[in-house]
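One is the number of the first residue; the rest follow in order along the sequence. Just so you know, ligand 1 is whichever comes first in the structure, and atom 1 is the first atom listed for that ligand.
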Amino acid sequence: MDKIVIEGGVPLSGEITISGAKNSAIKLMAVCLLCDEPLELTNMPRLRDTRSMGELLMSLGVQVETGPGARMLLHAKDLSSTTAPYDLVRKMRASFNVLGPLLARCHKAKVSLPGGCAIGARPVDLHLDALKTLGADIELSEGYVIAEAKGGLKGADITFPFISVGATEHTMLAAVLAKGETVLNNAAREPEIIDLADCLNAMGAKITGAGRSEMRIEGVDRLHGVSYAVVPDRIEAGTYALAAATAGGSVRLLNVRSEHLGALWPLIAKAGTKVTMDENSVLVERLGTPILPVDVETQAYPGFPTDLQAQLMAMVTLANGVSIIRENIFENRFMHCPELIRMGANITVKGREAIIRGVESLKGAQVMATDLRASASLVSAGLAAKGTTEVLRVYHLDRGFENIDVKLGNCGARIKRVSE
Ligand code: UD1
């Protein structure tokens with residue numbers, strides 16, 4: 001299995017082009033199931049997760065063509081199966097989202113309960129409750145969801161008990177072809193939700209209010225094919241901004257929607273890093289100034305994203321003082337802490353809070369993480385640490401960061417991928 005080896009202590013200097021958003025891309029891929037015409041996605045990231053989703057779609061009868069460049073063509077002319085098997089769904093939680101479109105188009109589906117990152121229990125009760133409200137009969141049997149909607153799904157009023165990105169997207173994917181109007185209350189407001197609505201609307205769907213808590217979806221009879229560009233990845237952009245703030249140096253991020261990281265920039269600035277924005281790029285600079293402590297709690301968008309919590313923590317392990325980070329979204333998302341402690345960080349976890357007392361330096365070590373974003377925080381810590389850091393289980397990084405070693409290497413980082 002590959003590992004990433006980093007010789008730390010070198011400030012970053014250069015430019016990084018941000019890829020299309022993983023979290024958006026995999027839901028946009030599921031859109032193809034709703035339509036018998038081709039869906040072309042551009043600005044697609046090349047990731048293990050998009051490959052996994054491609055494999056799952058192919059098993060359902062979708063023609064999937066990748067390339068050239070960041071392009072993917074998906075054509076679900078005729079579906080040959082409505083069963084998504086465990087072996088394919090377990091690789092990535094978001095692949096569970098094929099259930100809604102299959103139900104909408106074929107009125108039946110059998111989809112394995114999901115796997116994915118080990119960051120907490122992550123049930124799918126909200127997804128299933130919403131699909132039931134849209135008229136689906138749902139049964140759980142031997143690890144599978146068996147769903148049927150005789151005569152098709154019907155629009156309904158749905159109020160989510162708390163905000164869920166996945167459940168909001170899943171319900172959108174089902175409701176676009178339902179009969180009548182669906183109203184979603186307490187919907188998630190992430191940029192990826194807007195991206196999904198924009199793509200569906202470009203195909204003929206009638207969605208209003210995406211990006212607000214109340215969204216309305218007027219069902220249509222059919223969707224048509226389209227070419228659509230995936231939104232830039234705000235989490236990838238935030239990860240490299242925090243890497244520059246942690247290791248020091250000057251990095252210009254290209255192909256960024258800086259407004260999608262409104263909760264990050266003030267925190268980075270407060271921590272002593274200069275951020276300069278122009279229309280399509282952001283310059284992040286920390287040139288010899290110390291890192292200052294910051295307190296933060298994760299929240300649904302537009303709050304501070306849980307997907308940047310681990311990377312922010314890596315930065316404040318080196319701050320000049322004490323920081324407190326509270327994780328509100330997932331109950332088990334501090335698995336990077338023991339690994340950062342192995343590198344010399346001073347972190348105490350109490351329930352949902354981590355107290356981080358800044359240390360003067362980190363020291364390279366062999367580390368591993370069991371989730372995607374946590375692995376990125378270890379890379380960031382490794383860039384700043386003295387000596388050699390080896391990040392094991394690189395497949396987590398490959399799930400969500402396109403060419404992380406190449407992108408950082410182009411900024412002068414001494415980083416390489418080693419096959420064992
Ligand atoms: C998505 C993102 C993930 C991000 C998360 C929160 C993708 C592929 N993943 O995950 O990177 O960290 O949003 O921004 O887009 N929950 C339930 N029941 C449900 C659904 C969710 O209890 O049916 C809980 C989860 O366990 C979690 C919370 O709700 O504690 C929020 O999860 P959710 O917003 O659904 O996250 P995901 O869509 O899984």
Side-chain angles (χ1 to χ4, degrees), residues 20-31 45 47-50 52-53 56 89 91-100 111 113-133 138 140 145 158-174 184 186-196 213 230-231 233-239 260-261 263-264 297-312 326-336 352 370-377 396-397 399-401:
K22 169 189 92 85
N23 284 355
S24 205
I26 47 189
K27 317 308 166 42
L28 291 171
M29 288 175 74
V31 166
L47 299 167
R48 184 181 281 262
D49 272 8
T50 50
S52 300
M53 189 66 173
L56 173 58
V89 179
K91 293 185 185 162
M92 182 191 41
R93 180 180 160 82
S95 56
F96 183 66
N97 282 28
V98 299
L99 173 62
V111 176
L113 286 160
C117 284
I119 52 172
R122 301 184 90 183
V124 287
D125 49 336
L126 266 57
H127 300 232
L128 298 181
D129 288 348
L131 294 174
K132 281 183 199 161
T133 312
I138 289 182
L140 299 185
V145 176
I158 294 169
T159 300
F160 294 110
F162 51 88
I163 294 174
S164 160
V165 176
T168 302
E169 291 166 334
H170 204 166
T171 314
M172 291 164 72
L173 285 166
L184 302 184
N186 203 22
R189 297 187 284 156
E190 270 66 4
E192 293 76 25
I193 304 276
I194 300 179
D195 211 30
L196 180 59
S213 294
V230 181
V231 70
D233 196 319
R234 64 194 167 100
I235 301 302
E236 191 198 13
T239 298
H260 291 165
L261 284 163
L264 174 68
E297 57 181 310
T298 60
Q299 280 162 344
Y301 190 84
F304 185 81
T306 174
D307 284 354
L308 289 176
Q309 179 257 107
Q311 300 89 315
L312 184 96
R326 186 176 168 80
E327 172 57 54
N328 290 321
I329 309 292
F330 293 108
E331 75 277 13
N332 186 20
R333 207 172 197 182
F334 281 141
M335 286 171 302
H336 42 287
R352 283 182 176 263
T370 46
D371 93 69
L372 166 61
R373 312 304 179 181
S375 305
S377 82
H396 285 299
L397 283 168
R399 283 191 48 207
F401 291 94

### Query
Who passes ring-ring contact (aromatic ring centres under 6.0 Å, His included) against F401, sequence neighbours left out?
none
Between [X] and [Y] (side chain of the first, backbone of the second, donor and acceptor by atom type, cut-off under 3.5 Å), is there such a pair?
X    : Y    : answer
E190 : Y301 : yes
D307 : I235 : no
N328 : Q299 : no

### Task
Flag the pair R399 / K91 as yes when at least one side-chain heavy-atom distance between them is below 4.5 Å, and no otherwise.
no
Please check whether [X] reaches ligand 1 - meaning an N/O of the residue sits under 3.5 Å from an N/O of the ligand, judged on distance alone.
X    : answer
E331 : no
L126 : yes
D125 : yes
R93  : yes
K22  : no
D307 : yes
I26  : no
G166 : yes

### Query
Of E327, Q309, R352, which is the lone residue that meets side-chain hydrogen bond (donor to acceptor under 3.5 Å, both in side chains) with T298?
E327
### Query
Do N23 and V165 pass the side chain to side chain contact (heavy atoms under 4.5 Å, CB included) test, and can you show the C-alpha distance, the side-chain angles, and the key distance before you say yes or no?
CA-CA 10 Å; N23 284 355; V165 176; over 6 Å; no
For [X], atoms of ligand 1 separated by under 4.0 Å from a heavy atom:
X    : value
R333 : 12 (O)
T306 : 6 (C), 12 (O), 14 (O)
I329 : 27 (C), 28 (C), 30 (O), 31 (C)

### Message
Please give me the minimum heavy-atom distance between P302 and R189, naming the atom from each residue.
### Response
CD-NH2, 3.4 Å
### Query
Which atom names give the shortest non-hydrogen contact between L128 and F96, and what distance separates them?
CD2-CZ, 4.0 Å
Would [X] count as a contact residue for ligand 1, given that I'm defining contact as a non-hydrogen atom of the residue lying under 4.0 Å from a ligand atom?
X    : answer
F162 : yes
K27  : yes
P123 : yes

